[in-house]
Amino acid sequence: MAFHYFLLLSQVFLLLVSSSSWTSVAFTIQQTFFHCLSTNSMNSVALSSYYTPNNISSFTSILNSTANNLRYLLPTVPKPVIIFTPLSDAHVQAAVLCSKQLGLAIRVRSGGHDYEAVSYVSQIESPFLVLDLAGLRAIEVDIAQGTAWAQAGATVGEVYYRIAEKSKIHGFPMGVSTSLGIGGHITGGAYGTMMRMFGLGADNVLDVRMVDAEGKILDRKAMGEDLFWALRGGGGGSFGIILAWKLKLVNVPETVTVFTVTKNLEEGATKLLVKWQKIAPKLDDRLFIRVIIRPSSTNLTVNRTVTASYMALFLGDPDTLLGIMDKRFPELGLTRANCTKMSWIGSVLYMALYPNITAPEVLLQGKPQFQSYFKSKSDFVRALIPEKGLLGLWKMFLEEEMPLMIWNPYGGEMDRVPASATPFPHRRGTLFKIQYAVSWQDGAENMSRHISWIRKLYDYMGPYVSKNPREAYVNYRDFDLGMNKKGVTSLMEASSWGLKYFKSNFYRLVQVKTR
């Protein structure tokens, strides 16, 4: 067997050094990899789970299926030589072993939401394959135990649906976007509308099943607490391939309350946002009020303003909510008419911006709600941004057609969990997080202008956000902060962005990775 693989590898090598045809090399790699999979897997590998550019229609369809950022589907972006959709844990193990034997880099995709497309593009390694976990999406909910096992290819929305299917008073605290794949989502922390009450998704993980670099399946007991710690916030794609998470369910009321109140600049949006900064992180833990900021129009030729939509989930009834708001944030002018009672699963749809008439079954589709060309960045804020800073921000904001900012309040449980409890360090003292985004529809045509604009906005915000380091959220991966070089591992270079994502937890992550 060893001689057989040596012969096959030799054929690949000879083609690499002697042939001018990359197509021939790729074809040989594809054949060899499939043969290796079939030989090494305990479960048979179907050709229907195996995609190559030789069948461009099916290959493009599966590549594009969950690619959230269209910027990374442009023709100039490197493409994988193989996309493999495993249907069993044994398939994942075989893919790891065969990739090592053939010198193929692996990109692992669960939901395709990586902002810099690290889950389906490699800019430094060639050839590479995409291991698409969309076929591994089983969810087992045990209400009696208050737990759920969810495979890595399941989406956030599917997990929410399966929990709500079993119980009206259970939920799980993770992402707002319902098409996030939980395999990667939880590795970055996983925040959502209940984080002020229950913390992050990563704070509520009890166990994990993972394939390591040797093709072995490890659970929490087998891997030890250091590696288990690293997986819950240390970023996707670094320590192994997540097969499934065991989640600790949380209790939610049978009915919750939601509202959205929108104000523009002419209606006092600036002063309201100053007040929001003061009170949002200190409100009742059950209340999460995020602010979605965008222009009133995408047309630069018309008279535009900035709108701020205060979108909230309260784990309680409208009367209690109104009492809190009247006392703490009367300036918003919230009324009973603004408030809607609904089930927790209904609030999942509401906060994800589905139309009011949408049935929960839409969550089972497991597809991205939105796909666009975009660039995003993030900041954490530890001191109030003054009115003067906001006025300058609005001026820059209105220079771009489709800018977006989302301000998410912290406090509550996020203040109580120690910064070192998981690799996610943005805890006590953080008032709120900002996500900046710019999107466009014309592909590469004006891409450089849009990206230049968001970089300029990010520079402007420097004086108003966290410092030493200027913190960033790893699930909003941003290559402007730095990236690895091919074949080079430099602790000094990596720390330039590692400290932004993980603060001092970066050094413990390095120790775990080294082991």
Side-chain angles (χ1 to χ4, degrees), residues 63-64 66-79 107 109 112-125 177 184 188 235-237 292-295 297-301 304 306 368-381 389 392-408 433-466 469-486 493-494 496-498 500-501:
L63 179 63
N64 296 1
T66 60
N68 201 50
N69 193 344
L70 299 181
R71 183 158 60 96
Y72 284 100
L73 294 179
L74 290 169
T76 54
V77 175
K79 302 296 187 291
R107 288 287 181 254
R109 181 166 76 173
H113 274 257
D114 191 290
Y115 280 7
E116 300 284 15
V118 168
S119 60
Y120 54 97
V121 173
S122 175
Q123 300 191 52
I124 61 172
E125 298 156 316
S177 174
I292 301 173
I293 301 169
R294 49 195 160 198
S297 168
T298 60
N299 187 347
L300 290 175
T301 65
R304 303 199 302 167
V306 175
Q369 287 171 262
F370 313 103
Q371 288 179 299
S372 64
Y373 301 91
F374 71 89
K375 171 67 180 174
S376 286
K377 303 176 90 58
S378 63
D379 264 319
F380 289 85
V381 180
L393 176 59
W394 306 149
K395 184 178 179 182
M396 292 190 67
F397 204 66
L398 291 172
E399 294 174 357
E400 177 63 37
E401 291 96 329
M402 289 194 289
L404 174 71
M405 287 190 295
I406 302 177
W407 293 24
N408 291 289
K433 176 180 65 188
I434 301 177
Q435 177 181 185
Y436 314 93
V438 60
S439 61
W440 60 96
Q441 297 298 327
D442 56 359
E445 187 175 343
N446 292 295
M447 183 166 66
S448 60
R449 174 171 64 84
H450 299 300
I451 292 177
S452 176
W453 173 83
I454 198 169
R455 288 170 176 164
K456 187 170 71 169
L457 183 77
Y458 184 76
D459 289 344
Y460 171 82
M461 291 297 289
Y464 303 111
V465 298
S466 60
R470 183 174 181 177
E471 300 169 45
Y473 180 35
V474 71
N475 268 359
Y476 295 159
R477 202 187 307 268
D478 180 4
F479 279 165
D480 288 349
L481 304 181
M483 62 184 289
N484 290 321
K485 295 186 176 74
K486 183 176 182 179
E493 286 187 22
S496 68
W497 66 86
K500 295 176 188 292
Y501 291 133

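The first residue in the sequence is number 1, and the count goes up from there. For the numbers below, each heavy atom of this structure counts, side chains included, while hydrogens, waters and symmetry mates do not. This structure is a prediction, so every number in the text was calculated from the model and none was measured.
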- Message: Between Trp453 (side chain only) and Met396 (backbone N and O only), is there a donor and an acceptor less than 3.5 Å apart?
- Response: yes
- Item | Point-to-point distance, once rounded to the nearest 0.5 Å, from CG of Leu457 to CD1 of Ile434 | 9.0 Å
- First locate atom CG of Asn408, then atom CD1 of Ile292, and finally report the distance between them rounded to the nearest 0.5 Å. 8.5 Å
- Task: Find out whether Thr298 and Trp440 are in side-chain contact, i.e. whether some heavy atom of one side chain is under 4.5 Å from a heavy atom of the other.
- Result: no
- Side-chain touch Glu400/Lys456, heavy atoms, less than 4.5 angstrom: no
- If only atom types and distance count, is the side chain of Glu116 paired as donor or acceptor with the main-chain N or O of Phe479 below 3.5 Å? yes
- For Trp497 and Glu493, the nearest pair of non-hydrogen atoms, with its separation, is CZ3-O, 3.2 Å
- Message: Between Arg109 and Leu63 (side chain of the first, backbone of the second, donor and acceptor by atom type, cut-off under 3.5 Å), is there such a pair?
- Response: yes
- Side chains of Tyr373 and Asp442: does their closest heavy-atom pair fall under 4.5 Å? no
- Heavy-atom pair of closest approach, residues Lys486 and Ile124: CD-O, 2.9 Å
- Working to the nearest 0.5 Å, report the span between CG of Leu393 and CE of Met461. 5.5 Å
- What is the minimum heavy-atom distance between Lys377 and Asp480, and which atoms define it? NZ-OD2, 2.7 Å
- What distance do Asp114 atom CG and Arg477 atom CZ have between them, rounded to the nearest 0.5 Å? 4.5 Å
- For the residue pair Gln441 and Met402, establish whether any side-chain heavy-atom pair is separated by less than 4.5 Å. yes
- Measure from the side-chain N and O atoms of Lys79 to the backbone N and O of Val77, and report whether any donor-acceptor pair falls under 3.5 Å. yes
- Mind checking the CG-CD spacing from Asn484 to Gln123? Nearest 0.5 Å is all I need. 12.0 Å
- Item | Polar side-chain atom of Arg107 near backbone of Val118 as donor-acceptor pair, under 3.5 Å | yes
- Task: Kindly say whether Tyr473 contributes a backbone atom to a donor-acceptor pair with the side chain of Ser378 at under 3.5 angstrom?
- Result: yes
- Contacts of type ring-ring contact (aromatic ring centres under 6.0 Å, His included), residue Tyr436, not counting sequence neighbours: none
- Task: Keeping the roles fixed (side chain from Arg304, backbone from Leu398), state whether a donor-acceptor pair exists under 3.5 Å.
- Result: yes
- Heavy-atom nearest pair, Val381 first then Val465, reads CG2-CG1, 4.0 Å
- Taking the six-membered ring for Trp, is the centroid-to-centroid distance between Tyr115 and Phe374 below 6.0 Å? yes
- Using the side chain to side chain contact (heavy atoms under 4.5 Å, CB included) rule, take Leu73 and Val121 through it: C-alpha gap first, then chi angles, then the decisive distance, then the call. CA-CA 9 Å; Leu73 294 179; Val121 173; over 6 Å; no
- Show your working on salt bridge (Lys or Arg N to Asp or Glu O under 4.0 Å) between Arg449 and Glu401 and close with a plain yes or no. CA-CA 11 Å; Arg449 174 171 64 84; Glu401 291 96 329; 3.2 Å; yes
- Quick one: are Pro295 and Pro403 in side-chain contact, heavy atoms under 4.5 Å? yes
- Would you check if the side chain of Tyr460 reaches a backbone N or O of Gly389 as a donor-acceptor pair within less than 3.5 Å? yes
- Message: Could you check whether any side-chain heavy atom of Tyr120 comes within less than 4.5 Å of a side-chain heavy atom of Asn69, counting everything from C-beta outward?
- Response: yes
- For residues Ser439 and Ser372, report the shortest heavy-atom separation together with the two atoms involved. CB-OG, 3.9 Å
- Nearest heavy-atom approach of Ala472 to Leu481 is CB-CD1, 3.7 Å
- Query: Step by step, would you call Asp478 with Lys375 a side chain to side chain contact (heavy atoms under 4.5 Å, CB included)?
  - Reply: CA-CA 8 Å; Asp478 180 4; Lys375 171 67 180 174; 2.8 Å; yes
- Examine distances only and state if a side-chain atom of Gln371 and a backbone atom of Asn64 form a donor-acceptor pair shorter than 3.5 Å. yes
- Query: Do Met405 and Val306 touch side chain to side chain, with heavy atoms closer than 4.5 Å?
  - Reply: no
- Query: Does the side chain to side chain contact (heavy atoms under 4.5 Å, CB included) test come out yes or no for Trp394 and Ile293, once each step is laid out?
  - Reply: CA-CA 10 Å; Trp394 306 149; Ile293 301 169; 3.9 Å; yes
